[in-house]
Amino acid sequence: MGDTIFSKIIKREIPADIVYETDDILAFRDIRPQAPVHILIIPKIEIPKITDIDGNKHAQLLGKLFDAANMLAKEMKIDEDGFRLVLNCGNNGGQDVYHLHMHLLGGRQMKWPPG
Ligand code: 5GP
């Protein structure tokens, strides 16, 4: 496994406020929240970025990430008002951590276009 900050969180080498975990997935609160609810949902296997996704190989895992997002949105009570899922890719996409992650953002009105 690589040595991104997220693999260290998976291995419990650094602490995180973990809100959900399965054999395949981990979800924890973002350390610099951009909304009242800001959770990062990550696969435990290392997929650095969107362009490393193989649809055939990862379809089930991606489904589980969306299931986790929906489940957490309900648990955080942001499902009815709505929320935003964000996956940044590469430099122009604003990706800082090269371990695939989905941002679940909610609890306030989102703006469009994003910054
Ligand atoms: P990106 O910009 O790569 O899409 O998002 C990375 C996210 O990870 C950022 O929102 C940042 O605040 C969050 N982050 C970076 N380091 C840590 C950390 O050590 N713990 C937690 N919980 N979040 C982190």
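As the structure is a prediction and not an experimental result, all values here were calculated from the model. Quick note: residue numbers are just sequence positions, from 1. Atoms within each ligand, like the ligands themselves, are counted from 1 in listed order.
In D17, the CG atom is crowded: over 12 heavy atoms of neighbouring residues, nucleotides or ligands sit closer than 6.0 Å.
Here D30 pairs with R32, H38, L40, H103 under the side chain to side chain contact (heavy atoms under 4.5 Å, CB included) rule; sequence neighbours left out.
Near L40, with a cut-off below 4.0 Å to any heavy atom, the atoms of ligand 1 are 8 (O), 13 (C), 23 (N).
Here D24 pairs with K64 in a salt bridge; the nearest charged N to carboxylate O distance falls below 4.0 Å.
Considering backbone and side-chain N/O atoms, Q95 never comes within less than 3.5 Å of an N/O atom of ligand 1. At least one N or O atom of V97 sits closer than 3.5 Å to an N or O atom of ligand 1. An N or O contact shorter than 3.5 Å links H103 to ligand 1 by distance. Between G94 and ligand 1, at least one N/O pair is under 3.5 Å apart. At under 3.5 Å, not a single nitrogen or oxygen of F28, backbone or side chain, sits near a nitrogen or oxygen of ligand 1.
Across I39, D30, D17, V86, heavy-atom proximity to atom 9 (C) of ligand 1 is greatest for D30.
Judged by distance alone, the side chain of K11 and the main-chain N or O of D3 form no donor-acceptor pair under 3.5 Å. Not one N or O on the side chain of E13 forms a donor-acceptor pair closer than 3.5 Å with the backbone of K8.
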Identify all side-chain donor-acceptor contacts of residues 75-82 below 3.5 Å with residues at least two apart in sequence or on another chain.
none

